[in-house]
2 protein chains.
Amino acid sequence: MKLKRSGRMVDLTTYLLQHPHQLIPLSYFVERYESAKSSISEDLAIIKEHFEQYGYGRIITVPGAAGGVKFLPGISEKEAEHIISALVEQLEDPSRILPGGYLYVTDIIGNPHLVNQLGRLFASSFSSRKIDVVMTIATKGIPLAYAVAAHLNVPVVIVRSDSRVTEGSTVSINYVSGSTKRIQTMALARRSIKQGANVLIIDDFMKAGGTIKGMISIISEFQANLAGIGVLVEAQEVSERLVDDYVSLARLSEVNERENRIEVTPGNYFQDKGE
Amino acid sequence: MKLKRSGRMVDLTTYLLQHPHQLIPLSYFVERYESAKSSISEDLAIIKEHFEQYGYGRIITVPGAAGGVKFLPGISEKEAEHIISALVEQLEDPSRILPGGYLYVTDIIGNPHLVNQLGRLFASSFSSRKIDVVMTIATKGIPLAYAVAAHLNVPVVIVRSDSRVTEGSTVSINYVSGSTKRIQTMALARRSIKQGANVLIIDDFMKAGGTIKGMISIISEFQANLAGIGVLVEAQEVSERLVDDYVSLARLSEVNERENRIEVTPGNYFQDKGE
């Protein structure tokens with residue numbers, strides 16, 4: 001239907017937000033709004049300006065017959081700092097300490113608005129890399145992996161510690177947990193990753209990195225490529241880290257069960273931002 | 001910063017989409033855009049009109065000093081039909097049949113854009129009910145539960161079939177699986193649901209309903225209330241259904257392993273829509 005500029009602004013903004021990392025030909029909008037291409041281009045220039053101003057992300061215009069417009073979700077430095085410092089503060093609450101020095105983070109991972117923001121942080125951080133699929137391991141990494149994948153417009157695959165009949169045939173590997181040194185198994189449905197796919201690993205927690213190393217082995221087993229690693233929280237006091245190149249949002253330096261104290265600092269997110 | 005109408009349209013639309021089911025005072029936008037309240041009201045009227053026209057959802061204005069504006073995500077009848085018929089068609093692909101008559105749905109659940117749309121369907125269906133938290137059971141229901149919860153702006157709790165140390169103390173119950181008649185256990189972190197909370201159950205699959213009945217028992221164990229049940233796929237050929245009042249998107253009437261044939265029809269979504 002024919003729309004005026006203000007109406008086009010509402011729908012164009014909504015449409016772009018709902019279709020991130022997807023090239024949309026301008027002709028699609030010309031038809032949708034029964035408006036001239038030049039008007040749509042002007043609309044997009046205004047949206048681009050405000051998206052950048054508010055840090056919602058970038059709008060890229062690809063010229064030519066096969067061209068169009070693409071929205072890449074992003075986040076402003078200020079908002080990223082705000083989210084990460086709020087995360088650090090929440091993690092430092094001593095009531096999170098569980099017996100054995102574990103941390104209760106179920107409520108943080110259970111908040112879809114927060115998870116969505118954390119997903120935007122990672123998607124923004126990896127937006128210039130070629131990513132075909134996001135991989136995580138059941139259970140706690142799943143929400144964050146979906147949030148990242150939604151912003152990157154790619155599918156998610158979930159590695160499991162048991163192989164289920166409902167997955168069809170699976171590829172399994174044995175790996176050594178970095179901290180407990182125990183041999184464990186992980187499995188992934190054979191149909192889930194194509195050869196040559198670029199895989200971004202997302203997980204909620206990394207200690208020595210054994211689980212992530214296991215996922216990297218699964219990726220090679222499928223003859224796919226590792227495109228990046230993102231973890232919500234990394235533990236600092238690790239003698240030998242099995243994984244080097246990753247982006248973390250928070251770093252757990254100490255969990256002192258006796259003194260009921262947790263020390264958390266921001267992760268390496270801002271250091272890796274420029275690459 | 002001071003913005004013109006077209007700029008306000010971009011940011012207001014984005015802001016509302018990112019903050020569903022949340023009452024935002026008009027004064028917030030007055031400050032954000034350094035604009036008169038009357039201009040903001042006019043902006044909102046335009047957004048409201050286009051959101052309703054395109055079926056993105058409703059915008060509700062609450063008058064008075066404690067009032068403001070609230071966005072309730074929705075979906076047009078036409079888009080809902082389109083999504084459900086595409087889902088049914090995807091499910092009918094005979095290559096999904098696994099040994100034992102199980103179905104491969106990992107790719108459907110692994111598509112964040114689709115999962116997000118399915119979440120909008122459920123959120124729209126339950127938007128008039130009072131919901132404080134979405135509950136699901138690990139693993140396959142998690143993505144859908146998050147999508148629904150994001151559109152309703154409430155947290156998610158994940159019931160597990162094993163109790164993990166990282167959850168702190170848990171409440172466990174035994175339940176009887178409706179189809180296999182075996183006794184199983186499910187557990188939920190004690191901190192995760194408050195007494196009196198209104199809980200929406202979301203799961204990917206329901207056969208006889210034993211698992212969902214188990215989740216209902218957990219809800220009473222926490223002295224909370226059942227606010228609704230939504231399932232992605234229900235199996236039709238069930239002698240005795242343990243659960244009555246639910247919303248389903250698709251119904252599996254037959255999985256014929258020998259003839260390599262699946263029959264799927266739309267679920268009861270449209271029948272329940274009016275309630």
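A note on names: the letters A, B, ... follow the listed sequences, proteins ahead of strands, and every chain is numbered from 1.
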Which atoms of [X] are under 4.5 Å from chain A, going by heavy atoms: the side chain, the backbone, both sets, or neither?
X         : result
Thr136(B) : neither
Ala150(B) : both
Arg191(B) : both

Quiz prompt | Choice from Ala138(B), Ala147(B), Pro143(B) maximising heavy atom contacts with chain A below 4.5 Å | solution = Pro143(B)
Quiz prompt | Winner by heavy-atom pair count (cut-off under 4.5 Å) against chain A, out of Lys140(B), Arg5(B), Glu49(B) | solution = Lys140(B)
Separation between [atom1] of [X] and [atom2] of [Y], rounded to the nearest 0.5 Å:
X         : Y         : atom1 : atom2 : value
Arg8(B)   : Ser6(A)   : CZ    : OG    : 10.5 Å
Tyr104(B) : Ser192(A) : OH    : OG    : 5.0 Å
Arg160(B) : Thr139(A) : CZ    : OG1   : 4.0 Å
Tyr54(A)  : Leu3(B)   : OH    : CG    : 4.0 Å

Quiz prompt | Side-chain heavy-atom pair Thr14(B), His50(A) within 4.5 angstrom cut-off | solution = no
Quiz item: Does Gln53(B) reach the side chain of Val10(A), with side-chain heavy atoms less than 4.5 Å apart?
Solution: no
Quiz prompt | Pairs where residues 106-118 of chain A contributes a residue and the test salt bridge (Lys or Arg N to Asp or Glu O under 4.0 Å) is met, not counting sequence neighbours | solution = Arg96(A)-Asp107(A)
Quiz item: Pick from Ala145(A), Ser95(A), Ala189(A): which one has the most heavy-atom pairs with chain B under 4.5 Å?
Solution: Ser95(A)
Quiz prompt | Which of Leu152(A), Leu103(A), Ile109(A), Val133(A) touches chain B most, by non-hydrogen pairs under 4.5 Å | solution = Ile109(A)
Self-check item: Distance-only side-chain donor-acceptor flag, Tyr146(A) / Asn116(B), under 3.5 Å
Solution: no
Quiz item: His82(B): what forms a ring-ring contact (aromatic ring centres under 6.0 Å, His included) with it, not counting sequence neighbours?
Solution: none
Exercise. Report the relative orientation of the aromatic rings in His113(A) and His19(B); use parallel for angles under 30°, tilted for 30 to 60°, perpendicular for over 60°.
Key: tilted
